**Student:** 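Here it is: the structure, laid out below.
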Amino acid sequence: MSASTQIATLDQAREMGLRPDEFDKITEILGRTPNFTEMCVYSVMWSEHCSYKNSIKWLKTLPKDGPHMLVKAGEENAGLVDIGDGMGCAFKIESHNHPSAIEPYQGAATGVGGINRDIFTMGARPVAQLNSLRFGKLDNPRTKWLMAGVVKGIGDYGNAFGIPTVGGEVYFDESYQSNCLVNAMSVGLIDTKKIISAKAKGPGNPVFIVGSATGKDGIKGASFASKDITAESAKDLPSVQVGDPFQEKLLLEATMELAETDAIVGMQDMGAAGITCSTSEMSAGGGVGMDIHLDKVPTRQAGMQPFEILLSESQERMLIVVRKGEEAVVNRIFEKWDLHAVHIGDVTEGNTLRYFMNGELVSEIPAKSLVLGGGAPVYEREYTEPAYYAEAKKFSIESIAEPKDLVVVARQLMANHNIASKKWIYEQYDSMVGTANMSTNKPSDAAVVNIKNSNKALVLSVDCNGRYVQADPEVGTMIAVCEAARNIVCSGGEPSAITNCLNFGNPYNPEVYWQFVGAIKGMGAACKRFETPVTGGNVSFYNQTVNADGSAAPVFPTPTIGMLGVMKDKSLQTTLDFKYKGDLIYLLGVPRNDINSSEYLYSFHGVKNSPAPFFDLEEEFNVQQCIKSLIRNNYISSAHDVSDGGLFVTLCEMALPNSLGFDIVTDSEIRRDAFLFGESQSRIAVTVVEDYEDEFLDFVGESGVQVMLLGHVTKGRVTIDEENFGFIEDYRALYENSIAEAMP
């Protein structure tokens, strides 16, 4: 008996992250005690990262049906939406948090590579990338190191791969100090007649591994992602994969060429858990089994053990089920692109996965027992409302004295790292490669991506304010969905569907799980109202740091929403910038005496615990319907939603592109600080050419949406209630240089 087939022990199972009852369940499934290799397989496939065992119960409550769905959540590598004219859009967002917290450059780079493979394994060509990043305070040296590495990793991989990074978001807060969040999103276009399945079918069909050789990088990466970050986590560095964007580019082109043939039955990326995951999920999805010969897998190191080959997460690899008789087609294409394409096994009748090494059977497992909906465990965790939630409800704006000098507040907010320009970051990304990006020189709330040979465009957004979700998970997540939709609508698009990346602490903590449940409820409610089904994504638990004394510090709950919208006519593209001096500035939506969870309250006054900002789902829906109609009828010349930093920041961001200013008045019934810096939701600032004012007001009046004339666009001065707030160029210096000055 080899070491690979020695009987596993309960202690080994515990070391691999499995619980005693899970060890017993595995023994029951197999009808015997698993051997060491089988225990390794179950440890990764039943990890939180792969099995979703603590989240699937609630994920199933999310809406998955919509008017444009081609592929529903969980059916394939990514969600797929029909955008008309025979075209589909595949898109997905995933996390690479733990690897990035340990080795930020490779952690972020391989996150970009992995999410792109999820797209092109479906036969879709990636056309755009976005990302959502969270770090600790930028005055901390570790934060600077993490951010520099993450940004360089994303930029180097994405730029070399040749796909533009068209949008994203970055937030800084103490809660992310040790455990940064790196969420990567990829979007691709596909001919709907050429969708490639991720299911294995046809007993006798050969199974190929294609792409890079398999090494020891990334072994047990899925297990690493399913536990807390501690002072010892650096020892898990071998769990971080190493990426090669040039190899991925070759793999993309080979895949696109292969997609034009009839040789493919199914294909899947080798991401988390490597060969183990791709063989088990493809087999279970197609109701078949596989015989896999691990000694045939091209490896980088001699003498790799079966478990190392099975669990390696080496990048730029895929598993392909080939139509029998078409092997020469696959070999020819991959030889042309100088990539491995090796026949390592075959599809079999039944549901059994059998792994061999030099002729020895080292593992025999029912494929369905490894995956969601099969034998993988499903847990219903307890959850408890945390004490801070009730405490936050006690907050009153009356407890905060209004500052006498609001110019000081305005200047501080424009330099605040959560509000200031992220130019230092996005200038490291190539936003124009492939000429897909329509919004680089036309600033808008969402990214607008060209669809060649079509009058349509894609409109893309990623959004989440973790502070809002911390304050109220249900309301905060509804806001995340609605702000993503609002950004798309303000840019001239119509929201279609979402993908999500759910970043939370330890699910065994009842208060963390309460946050998770609330977030799912909020997401479901908002997605149903906007008819934006959830196409997939991922859950990332264990985003917390365990201190030396055993205490845990979870990150803010951060359910990042990636939303896809469609612009039905490129002439509808709407930008956020003021166009001309004298244009009228209007506010759609209701201003409120509300500073809850605002950047102003949090950073200027130091109040860390308050309710979420005011939000009403129906009010939000009506405002967005109004904006869509205003854009279609050409009644407005710019639109920008009110979000972080409040109305003042919104107007400055509208003024900066063309070096214009604004002269406005506030509402005398609302505190000036709340009017200018509060973040109550469902508000959009628009500009109107004076000649169209009557038509604009008539239309908004019929819609029932509240509208307020704020003032007009000026040549460069900022005036509020006849008080001189300075010149827009003064704010530009604060806004554009703040982050660059903080970085080494």
Side-chain angles (χ1 to χ4, degrees), residues 95-105 107-109 111 130-156 165 167-184 229 408-429 462-470 503 543-545 553-558 560 597-608 643-646 649 652-653 656 677 679 731-744:
S95 65
H96 233 221
N97 302 336
H98 282 43
S100 300
I102 302 301
E103 210 295 280
Y105 180 84
L130 300 91
N131 54 70
S132 175
L133 311 177
R134 301 290 187 280
F135 300 102
K137 289 291 189 179
L138 201 46
D139 58 4
N140 183 288
R142 176 175 167 78
T143 297
K144 295 178 183 181
W145 173 74
L146 283 170
M147 188 168 87
V150 165
V151 171
K152 185 169 174 54
I154 291 171
D156 284 359
T165 300
E169 58 169 5
V170 186
Y171 281 90
F172 303 93
D173 188 86
E174 299 99 322
S175 79
Y176 306 108
Q177 192 63 60
S178 297
N179 198 138
C180 61
L181 303 184
V182 177
N183 297 174
I229 292 285
V408 172
V409 179
R411 291 179 63 83
Q412 283 195 21
L413 283 178
M414 287 297 286
N416 183 288
H417 292 151
N418 284 337
I419 290 169
S421 169
K422 308 307 186 290
K423 185 165 71 169
W424 184 90
I425 294 170
Y426 66 69
E427 283 187 342
Q428 298 185 50
Y429 306 150
V462 287
D463 279 288
C464 182
N465 186 316
R467 186 183 304 141
Y468 296 172
V469 186
Q470 172 79 4
N503 308 275
N543 290 293
Q544 62 182 34
T545 305
V555 300
F556 278 169
T558 311
T560 305
S597 287
S598 62
E599 191 65 53
Y600 161 63
L601 179 64
Y602 197 82
S603 60
F604 189 85
H605 291 288
V607 176
K608 306 296 186 187
S643 57
D644 303 332
V649 169
C652 281
E653 290 174 343
L656 283 168
F677 311 123
E679 297 177 15
Y731 292 103
R732 183 189 303 280
L734 297 167
Y735 184 75
E736 293 188 352
N737 298 328
S738 178
I739 288 179
E741 289 173 353
M743 293 301 290

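As the structure is a prediction and not an experimental result, all values here were calculated from the model. Values below: every heavy atom of this structure, side chains too, minus hydrogens, waters and symmetry copies.
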**Student:** When you measure from the side chain of E103 to the backbone N and O of P99, does any donor-acceptor pair fall under 3.5 Å?
**Tutor:** no
**Student:** Is there a side-chain contact between V182 and N131, using heavy atoms and a 4.5 Å cut-off?
**Tutor:** no
**Student:** Do V462 and N183 make a side-chain contact, defined as non-hydrogen atoms from C-beta onward lying under 4.5 Å apart?
**Tutor:** no
**Student:** With sequence neighbours excluded, tell me which residues meet salt bridge (charged side-chain N to carboxylate O under 4.0 Å, His left out) with E736.
**Tutor:** K423, R732
**Student:** Side chains of T558 and Y171: is there a donor and an acceptor less than 3.5 Å apart?
**Tutor:** no
**Student:** Evaluate the side-chain proximity of L413 to S603: yes if any heavy-atom separation is below 4.5 Å, no if none is.
**Tutor:** yes
**Student:** How long is the gap from CG on N543 to OG on S178, to the nearest 0.5 Å?
**Tutor:** 12.0 Å
**Student:** Rounded to the nearest 0.5 Å, what's the gap from CG on N97 to CD1 on I102? Could you check?
**Tutor:** 11.5 Å
**Student:** Is a donor on one side and an acceptor on the other found under 3.5 Å between the side chain of H96 and the backbone of G107?
**Tutor:** yes
**Student:** Nearest 0.5 Å, what's the CG-CZ distance between N416 and R411?
**Tutor:** 14.0 Å
**Student:** For the NZ atom on K152, are there more than 12 heavy atoms of other groups (residues, nucleotides or ligands in this structure) within a distance under 6.0 Å?
**Tutor:** no
**Student:** Which pair of heavy atoms, one from S100 and one from A108, lies closest together, and at what distance?
**Tutor:** OG-N, 3.3 Å
**Student:** Check W424 against A740 and note the closest heavy-atom contact, atom names and distance.
**Tutor:** CD1-CA, 3.9 Å
**Student:** Parallel, tilted or perpendicular: which one describes the rings of Y600 and H605, with boundaries at 30° and 60°?
**Tutor:** perpendicular
**Student:** Between C180 and F135, which heavy-atom pair has the shortest distance, and what is it?
**Tutor:** CB-CD2, 3.9 Å
**Student:** Side-chain contact, heavy-atom cut-off 4.5 Å: K422 with I739?
**Tutor:** yes
**Student:** Are I154 and Q428 close enough, and set up right, to give a side chain to side chain contact (heavy atoms under 4.5 Å, CB included), and what steps lead you there?
**Tutor:** CA-CA 9 Å; I154 291 171; Q428 298 185 50; over 6 Å; no
**Student:** The criterion is salt bridge (charged side-chain N to carboxylate O under 4.0 Å, His left out); which residues satisfy it with E599, sequence neighbours excluded?
**Tutor:** R467
**Student:** Distance from N503 atom CG to N179 atom CG, nearest 0.5 Å?
**Tutor:** 9.0 Å
**Student:** Side chain to side chain donor-acceptor pair (under 3.5 Å) with T143: which of K137, Q177, H417?
**Tutor:** Q177
**Student:** Taking the side chain as every heavy atom from C-beta outward, state whether M147 and I425 have any pair of such atoms under 4.5 Å apart.
**Tutor:** yes
**Student:** If you round to the nearest 0.5 Å, how far is CZ of R134 from OG of S95?
**Tutor:** 12.5 Å
**Student:** Any donor-acceptor pair under 3.5 Å linking the side chain of E679 with the backbone of G645?
**Tutor:** yes
**Student:** Rounded to the nearest 0.5 Å, how far apart are CD of E169 and SG of C464?
**Tutor:** 6.5 Å
**Student:** Locate the shortest heavy-atom distance separating Y731 from C652; write the atom from each residue and the value.
**Tutor:** CG-SG, 4.5 Å
**Student:** Could you pull out the closest heavy-atom pair between S598 and L601, with the gap in Å?
**Tutor:** OG-N, 3.0 Å
**Student:** Classify the side-chain pair D644/N418 by whether it contains a donor and acceptor separated by less than 3.5 Å.
**Tutor:** no
**Student:** Search all heavy atoms of S738 against all heavy atoms of A415 and return the closest pair with its distance.
**Tutor:** OG-O, 2.5 Å
**Student:** Is there side-chain contact between W145 and P104, with heavy atoms separated by less than 4.5 Å?
**Tutor:** yes
**Student:** Is there a side-chain contact between F556 and V469 (heavy atoms, below 4.5 Å)?
**Tutor:** no
**Student:** How about Y429 and V151: do any of their side-chain heavy atoms sit closer than 4.5 Å?
**Tutor:** yes
